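All values derive from a computational prediction rather than experimental measurement. Order of appearance sets the numbers: ligands from 1, and atoms from 1 within every ligand.
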Amino acid sequence: MKNYLHIFKSPEELANKFVDKLMDWIENHSGDEFHLAISGGKTPDLLFSVFAEKYNNSTLWQKVHFWWVDERMVPATHPESNFRIANNLLFSKISIPEENIHRIKGENDPMKEALSYSAQIQEKLPVQNGWPVFDLILLGMGDDGHTASIFPNQMELLVSEKICEVATHPVSGQKRVTLTGNAINNAEKICFLVTGSSKAQRLTEIFDRQPEAEYLPASQIKCRREVPEWYVDEAAIQKLT
Ligand code: 6PG
């Protein structure tokens, strides 16, 4: 029975082990291109730093195409830009062709950028079931159980017929462009990376299959090909029964 829940003592241990596993997946991927969609937030920061530290000279970056699961609609120089953080921590430290980095242009009009990014994805990625196929999508989970920029008050984005939609952060009102649930679920593989005690309540609701989980976007991600894998630290599962 395959294990879909991987537990680590700390975020550092999780990042180190996951990076090695991901590079192994990339190396053993049969295609010439590995299409990887990454999330924003703080959790990936450690991943980027470990990638840059352990694999900065890897030639594997030549085949990796970076996409974003979502982006805050701010300029690429803005402190909250998901691209800015990835660029500072990773892309600026590795040898990767510029054309392999497909950022969502946060400086653009959100609706127009959602359409433009969807078209780029359709152009570059293989299509199955009428949807693009990412080789791997890395997702985080917010304290409120959101994932990507699909928030609990915008669950309709899970079943949108579009590849990308414009979302609105429920507290700040910040506009986001996000992959939709259907686009995410069509990936070959989905991995959640969730760390910290602030995620414990929601993780428990999801893994204990409590009724509340039905209203958490992160629990509604159903990868068509295989069950999403969860990479968590002990702090995030401290409440699990
Ligand atoms: C974003 C992310 C978002 C993130 C979660 C978890 O742009 O904010 O895509 O979905 O993954 O909010 O964020 P942390 O990793 O900071 O906990």
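Side-chain N/O atoms of Glu165 and Gln154 include no donor and acceptor closer than 3.5 Å. Side-chain contact of Glu234 with Gln238: a donor-acceptor pair under 3.5 Å is absent, judged by distance alone. In summary, the side chains of Asp20 and Tyr55 do present a donor paired with an acceptor at a separation below 3.5 Å, with no hydrogens or angles considered.
Only side-chain heavy atoms of Asn82 come within less than 4.0 Å of ligand 1; its backbone N, CA, C and O stay farther off. Contacts of Ala148 with ligand 1, taken as heavy-atom pairs under 4.0 Å, involve the backbone alone.
No side-chain donor-acceptor contact under 3.5 Å links Asp45 to the backbone of Ile85. Side-chain atoms of Gln220 come within 3.5 Å of backbone atoms of Glu214 as a donor-acceptor pair (strictly under, hydrogens ignored). Without hydrogens or angle criteria, Asn186 side chain to Gln128 main chain gives a donor-acceptor distance under 3.5 Å. Listed for the Lys239 side chain is no donor-acceptor partner under 3.5 Å among the backbone atoms of Ala236.
Of the polar atoms of Arg72, at least one N or O is found under 3.5 Å from an N or O of ligand 1, judged by distance alone. Distances between N or O atoms of Pro44 and those of ligand 1 include no value under 3.5 Å.
Of the protein's non-hydrogen atoms, the one nearest atom 4 (C) of ligand 1 is Gly40 O, 3.8 Å. Residue, atom and distance of the protein heavy atom nearest to atom 13 (O) of ligand 1 are Gly41 CA, 3.9 Å. Looking from atom 6 (C) of ligand 1 to the surrounding protein, the closest heavy atom is Met141 O, 3.5 Å. The protein non-hydrogen atom at the shortest distance from atom 17 (O) of ligand 1 is Lys199 NZ, 2.5 Å. When hydrogens are left out, the protein atom nearest atom 12 (O) of ligand 1 is His146 NE2, 2.8 Å; that is the closest non-hydrogen contact. The protein atom (non-hydrogen) at minimum distance from atom 15 (O) of ligand 1 is Thr43 OG1, 2.6 Å. Protein heavy atom closest to atom 16 (O) of ligand 1, with residue, atom name and distance, is Lys42 N, 2.7 Å.
For Phe8 and Phe18, the ring centers sit 6.0 Å or farther from each other.
By the 30° and 60° cut-offs, the orientation of the rings of Tyr117 relative to Trp67 is perpendicular.
Counting heavy atoms only, Gly140 comes closest to atom 11 (O) of ligand 1 of the residues Gly140, Gly142, Ser198.
Numbered from 1 in the order shown, with element, the atoms of ligand 1 that lie under 4.0 Å from a heavy atom of Asp70 read 1 (C), 2 (C), 7 (O), 9 (O).
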